[in-house]
Amino acid sequence: MRSNSGEVYVLAGGPGLLTDPAQLIDLGAMTAPSQLVAHIYGALAGDNLAVLAAADITGDGNGDLILGAPGANTMAAGQIYIVAGPVSG
């Protein structure tokens with residue numbers, strides 16, 4: 001891990017993931033989440049990587065992730081990453 005690089009956890013879920021309390025995921029209480037598909041770290045310390053959005057932006061029917069790293073690069077302009085789905089571990 002890199003200091004303040006940011007982390008993104010990609011979890012398998014379904015339509016009820018955000019609305020059904022039985023499917024609530026508490027990352028702080030898990031040691032090895034069974035739903036974990038990918039664990040993504042920021043490229044460098046200070047990147048502060050985070051998810052900006054999740055949608056099918058490529059038009060292929062699969063969910064994609066838009067990740068942002070506001071602290072990336074030396075000019076502090078930040079960077080955007082597109083992770084085309086499906087993501088598999």
Any donor-acceptor pair under 3.5 Å from [X] side chain to [Y] backbone:
| X | Y | value |
| --- | --- | --- |
| Asp47 | Ala69 | no |
| Asp56 | Gly61 | yes |
| Asn48 | Gly46 | yes |

Looking at side-chain heavy atoms only, is the closest gap between Ile66 and Val51 below 4.5 Å?
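Result no, sub-4.5 Å side-chain heavy-atom pair not found.
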
Which pair of heavy atoms, one from Asp60 and one from Asn62, lies closest together, and at what distance?
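Residues Asp60 and Asn62, closest heavy atoms: OD1-N, 2.9 Å.
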
For Tyr41 and Val8, run side chain to side chain contact (heavy atoms under 4.5 Å, CB included): C-alpha distance rounded to whole Å, both residues' side-chain angles, the deciding distance at 0.1 Å, then the answer.
CA-CA 6 Å; Tyr41 292 98; Val8 172; over 6 Å; no

Just do the side chain to side chain contact (heavy atoms under 4.5 Å, CB included) check on Ile82 and Leu65 with the steps written out, would you?
CA-CA 6 Å; Ile82 307 298; Leu65 293 175; over 6 Å; no

Tell me whether Leu44 is reachable from Ile40 by hopping between hydrophobic residues (I, L, V, M, F, W, Y) whose side-chain heavy atoms are closer than 4.5 Å.
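No; Leu44 is not reachable from Ile40 via cluster members.
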
hydrophobic_cluster_shared for Leu52 and Ile57, side chain cutoff 4.5 Å:
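In one cluster with Ile57: Leu52, yes.
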
Look up atom CG in Leu49 and atom CG in Leu67, then write down how far apart they are to the nearest 0.5 Å.
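Here the rounded value is 5.0 Å.
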
